[in-house]
There are 2 protein chains.
Amino acid sequence: MTVGGSKLQHLNLFIAVDWGTSHLRAYLCSVNTTGQLTLIAQRDGPGVIRDKQNFEHTLIGVVAPWTSEYGVLPIYMAGQITSSIGWKETPYLACPINPESLLSGAINFDCAGNKVSALPGTKCTLQNNLFDVMRGEELQILGFLKQNPAYQHGNVLICLPGTHTKWVLLKDGQIICFKTAMTGELYDLLCHQSVLIPNDCEAGEFDWHAFEQGCELTLGSDSGNLAHGIFSVRTRQLSKELTPVQAKAYLSGVLIGSDVRAARHASEWQLVNNSKVVVIGTEQLNTCFTHALNCIGVQCLEFDVKEATLSGFNYLFNSNKTKQI
Amino acid sequence: MTVGGSKLQHLNLFIAVDWGTSHLRAYLCSVNTTGQLTLIAQRDGPGVIRDKQNFEHTLIGVVAPWTSEYGVLPIYMAGQITSSIGWKETPYLACPINPESLLSGAINFDCAGNKVSALPGTKCTLQNNLFDVMRGEELQILGFLKQNPAYQHGNVLICLPGTHTKWVLLKDGQIICFKTAMTGELYDLLCHQSVLIPNDCEAGEFDWHAFEQGCELTLGSDSGNLAHGIFSVRTRQLSKELTPVQAKAYLSGVLIGSDVRAARHASEWQLVNNSKVVVIGTEQLNTCFTHALNCIGVQCLEFDVKEATLSGFNYLFNSNKTKQI
């Protein structure tokens, strides 16, 4: 319901939608006169792979309580929803790129009266000529840099764990290149749909000791060992070394150890003893990746992914508003 | 229907059931006076993971046309059906073991009047103290050795691709140790339930060039590269280098290259230039693994897995009959 004067009153409200492969997270945000963001409310919905062909309906449903209260609002949308498997396909901006310039590749459209800006992704070509892409993580990096301006200078390696881990090399605040590992997606598939974990496995508390054992297996391997090592998730249950609940944490360790080991061997950067990596994820994943990185002598700065995301959206909202004034 | 004299008449008929994770294959076999096997008929059914809690009913249904024609028959059963996720759990016999002695660990029971022998699996402990297990493949090895007695001598490395690849080291006809890679299961999960291959991808012909490209990526990698490399299945479609149909063959190459690379780095055997490996699988998988092994300078002898399986069952049937006489 839009009432007289509401547009003026709500000039500093916007909706940020982080719509990834596995989850939709919508945030109602308010920005004060100094540009600082307050999160007013959050609503969740299905990720891109669970919501095929139904995107517009999902978005309208998720934002309905807010637009009904405040009238139409600007919506910023990032993540896999803007990819070829999503709803509105935006371009991939080529690296090197300063993430401050993301709006230059946005696609703007109308959805039930709301003006939606679908943000672009980024792309790069690696030393082995493989092409890589990301969508959403560049926004988190932008948000992190705005909160931590000291990292705008020099070389910085950022690890963003999630459905797909992104390892991103920055130089003087520009994204130079990045690599993807499907660690989170592999974990979900193997945990829920393979012979490794029994179907009736309870939730249970995450077993850090089992996680560390899994990490050690792949981190310490000559061959990478993922192809052969992963089966030990089953055999260590058969031998009663692990319960099914422990086996899930062990599987997480095997996969994260393999991911970190591959990042250590990447030719695009030097991940040697005493390096420092910025890890931007949930608290649980930050702890997991920090543990694995510490095992190879690398120090970490952990940063919360939601805070990074909101900070990134906020920068874009403010810069867009400044442009419009 | 059993009629007078049928028992004598059908003394040389038996049913062999190869019941793995993904498929059930039942064979009606006839053995002549010199011990040679003729396959009379084959019927298929669901594998262990698709047939939870319904095993007895499934087996009775599969063999019904044969028992109805010939009366009760001896049934030999091998594969994951005898594991902890299957129906009748048989022990794992410890390596080193001669596969001729498999019947010593069989569990015999009655199923709708038929005498069923559920064969055991085998287990070993590897150099990194990981425990490994197999069920069914030791029978295929037995069958191969009976068809190729020259391989009863010296060191032989056998590769058995399938849902799970088994790499098995023999010495003088004894199984010394083995390693498992979940290559086939990973392929199925990633092909059908991940972001890598579109849901609506057609079947299409297997693209050998794309397969070779995938193989090269992981075989030629310093890090093993599976954790990071697998995402190229998606990016090479985004960049139009691969169609979805080609991407499936490329994914197969990435996974099989990784599997062969891990086998090459295994400390339990020396897989060097001019080694020879026996590959026992389906025609398609034999060709795939032979290609990857040739890429690292290893020669292969290919042997059909169905022939190996039937030969193994036949050896056990004949030796059991001899014992009973």
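These numbers come from the heavy atoms of this one structure, side chains and all, not from hydrogens, waters or symmetry mates. Order of the sequence lines fixes the chain letters, A, B, ..., with proteins taken first and strands second; residue numbering starts at 1 for each chain.
In terms of heavy atoms, A:Phe231 sits closest to B:Thr180 at CD2-CB, 3.2 Å. The two atoms that bring B:Arg234 and A:Ser84 nearest to each other are NH2-OG, 3.4 Å, heavy atoms only. Nearest heavy-atom pair, B:Ala262 versus A:Ser223, reported as atom, atom and distance to 0.1 Å: CA-CB, 4.0 Å.
Defined by atom type and a distance below 3.5 Å, a donor-acceptor pair is missing between the side-chain atoms of B:Asp132 and A:His228. Side-chain atoms of A:Asn225 and B:His265 form no donor-acceptor pair, as typed in the model, at a separation below 3.5 Å.
Using a 4.5 Å cut-off between heavy atoms, B:Thr21 contacts chain A through its side chain alone, with no backbone atom that close. Only the side chain of A:Gln80 comes within contact range of chain B, judged by heavy atoms closer than 4.5 Å. The contact between A:Glu185 and chain B is made entirely by side chain atoms (from C-beta outward), counting heavy-atom distances below 4.5 Å. Using a 4.5 Å cut-off between heavy atoms, A:Leu186 touches chain B through its side chain atoms alone.
Counting heavy-atom pairs under 4.5 Å between each of A:Leu238, A:Val195, A:Asn128, A:Thr183 and chain B puts A:Val195 at the top. The candidate from A:Ser258, A:Ser267, A:Ala266, A:Ala227 with the greatest count of non-hydrogen atom pairs under 4.5 Å with chain B is A:Ala227. The residue among A:Leu196, A:Thr165, A:Leu126, A:Asp222 with the most heavy atom pairs within less than 4.5 Å of chain B is A:Leu196.
Between B:Leu217 and A:Leu130 there is a side-chain heavy-atom pair separated by less than 4.5 Å. B:Thr235 is not listed as a side-chain neighbour of A:Lys123, based on a closest heavy-atom distance of 4.5 Å or more.
In this structure, B:Gln270 places its CD atom where only 12 or fewer heavy-atom neighbours from other residues, nucleotides or ligands lie under 6.0 Å away. Within 6.0 Å of CD on A:Glu202 lie no more than 12 heavy atoms contributed by other residues, nucleotides or ligands.
Rounding to the nearest 0.5 angstrom, the gap separating the CG atom in A:Leu189 from the NE2 atom in B:His192 is 12.0 Å. One distance of note links CG of A:Leu255 with CG of B:Leu226; it measures 9.5 Å at 0.5 Å rounding. Going from atom OG of A:Ser194 over to atom NE2 of B:His164 covers 7.5 Å, rounded to the nearest 0.5 Å.
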